Amino acid sequence: MSVPPDLRLGRLDVAAALDRPDLLAPAVAAFLSDWPRAGDVLVAEIDPELADTAAFCDRYDVGLDVSANCVVIAARRGEVMKYAACVVLATTRADVNGVVRRHLDARKASFAPMDDAVAQTGMEYGGITPLGLPRDWPVLVDSAVVDAGLVVIGSGVRRSKIALPGGALAELPAAQVIEQLARPAA
């Protein structure tokens, strides 16, 4: 996809992500170098102090309904711990103790501690994205994200965001699209 020079998303000035690897975590840039959908990924520089979803959406005029969050889940069954990622719209919350736990066949599932999430992904907390995660991690994508059209999500670093078609997330390695993975936010 070639990016029209005047394309804007909210108040974001976007560029082709492949042209701006400096705005991506190293794992994300490496992943994009081989991913067939990489040409559909855009990137925009932001104030890192505004990387958290609510502040980002407010400042950059991006709707919560097109902003997606990627959360790292730690799932345990007995002594075995495994990690997964969940991608949900910002208007929702992942059903970690219900749908996610059952899908991962875990006895217990919870949000991974910040230090673990950062160490396991090689990405900055608040910027974690499903692109460039360890290949053996399940990436659980809520079907609403796939249906949302162009979505904005972290880039692996807090100083930028990426935008891509929600449907492209269904094509990630280990991606699994799940109906009602998330519930409306309170």
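Note that the coordinates shown come from a computational prediction; the quantities given were computed from them, not determined experimentally.
Distance check, rounded to the nearest 0.5 Å: CG of Asp116 to OH of Tyr125 gives 11.0 Å. Rounded to the nearest 0.5 angstrom, Asp47 CG and Phe56 CZ are separated by 11.5 Å. Taking CD1 from Ile73 and CZ from Phe111, the interatomic distance works out to 5.0 Å, rounded to the nearest 0.5 Å. Going from atom CD of Gln176 over to atom NE2 of His103 covers 3.5 Å, rounded to the nearest 0.5 Å. In this structure, the separation between CG on Asp115 and CD on Gln120 is 11.5 Å, given to the nearest 0.5 Å. Expressed to the nearest 0.5 Å, how far CG of Asp147 lies from CG of Leu89 amounts to 9.5 Å.
What you find for Ala170 and Val177 is that their closest heavy atoms are CB-CG2, 3.6 Å. When all heavy atoms of Asp58 and Arg11 are compared, the closest pair comes out as O-NH1, 4.4 Å. The two atoms that bring Ala44 and Val14 nearest to each other are CB-CG1, 4.0 Å, heavy atoms only. Residues Arg37 and Glu171 approach most closely at NH1-OE2, 2.7 Å, considering heavy atoms. Contact detail for Val151 and Ala148: the closest heavy-atom pair is CG1-CB, 3.6 Å. Shortest non-hydrogen contact noted between Val62 and Gly10 is CG2-CA, 4.5 Å.
Note: the hydrophobic cluster containing Leu42 also contains Val152 (ILVMFWY, side chain heavy atoms under 4.5 Å, direct or indirect links). Both Leu131 and Val146 sit in one connected hydrophobic cluster of ILVMFWY residues. Membership requires side-chain heavy atoms under 4.5 Å apart, directly or through other members. At a threshold of 4.5 Å between side-chain heavy atoms, the hydrophobic network of Ile, Leu, Val, Met, Phe, Trp and Tyr places Val28 and Trp137 in one connected group. Hydrophobic clustering (ILVMFWY, side-chain heavy atoms < 4.5 Å, transitive): Val43 and Leu133 are in one cluster. Placement of Val96 and Ile178 within a single hydrophobic cluster is found when ILVMFWY residues are connected by side-chain heavy-atom separations under 4.5 Å, directly or transitively.
Residues Val88 and Val71 fail the side-chain proximity criterion, which asks for heavy atoms closer than 4.5 Å. Proximity of Pro138 to Lys82: side-chain heavy atoms (C-beta onward) are nowhere separated by under 4.5 Å. At least one side-chain heavy atom of Ile162 sits under 4.5 Å from a side-chain heavy atom of Thr129. Considering only heavy atoms from C-beta on, Arg93 stays 4.5 Å or farther from Arg183 through its side chain. You'll find the side chain of Asn69 stays beyond 4.5 Å of the side chain of Ile153, heavy atoms only. Contact check for Leu104 versus Leu140: side-chain heavy atoms found under the 4.5 Å cut-off. Proximity of Leu172 to Trp35: side-chain heavy atoms (C-beta onward) are separated by under 4.5 Å at one or more points. Side-chain contact between Leu64 and Thr53 is present, with at least one heavy-atom pair separated by less than 4.5 Å.
Of the options Leu169, Val141, Val139, Ile128, a side chain to side chain contact (heavy atoms under 4.5 Å, CB included) to Cys70 is made by Ile128 and by none of the others.
Shown here is Glu49, whose CD atom has no more than 12 heavy atoms of other residues, nucleotides or ligands within 6.0 Å. For Gln180, the CD atom is loosely surrounded, since the number of other residues' heavy atoms within 6.0 Å does not exceed 12. The environment of CZ in Arg77 is crowded: more than 12 heavy-atom neighbours from other residues, nucleotides or ligands sit within 6.0 Å.
Comment: Arg158 engages Asp52 in a salt bridge, judged by a side-chain N to carboxylate O separation of less than 4.0 angstrom.
Between the side chain of Asp142 and the main chain of Leu181, a donor-acceptor pair closer than 3.5 Å is present. With hydrogens and angles disregarded, no donor-acceptor distance shorter than 3.5 Å links the side chain of Arg107 to the backbone of Gly78. The backbone N or O of Ser160 lies less than 3.5 Å from a partner atom in the side chain of Ser155, making a donor-acceptor pair. At least one donor-acceptor pair closer than 3.5 Å links the side chain of Lys161 to the backbone N or O of Ala51.
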Quick one, Leu12 with Ile46, criterion side-chain contact (heavy atoms from CB on, under 4.5 Å). Give me CA distance, side-chain angles, the key distance, then yes/no.
CA-CA 8 Å; Leu12 296 173; Ile46 66 165; 3.7 Å; yes

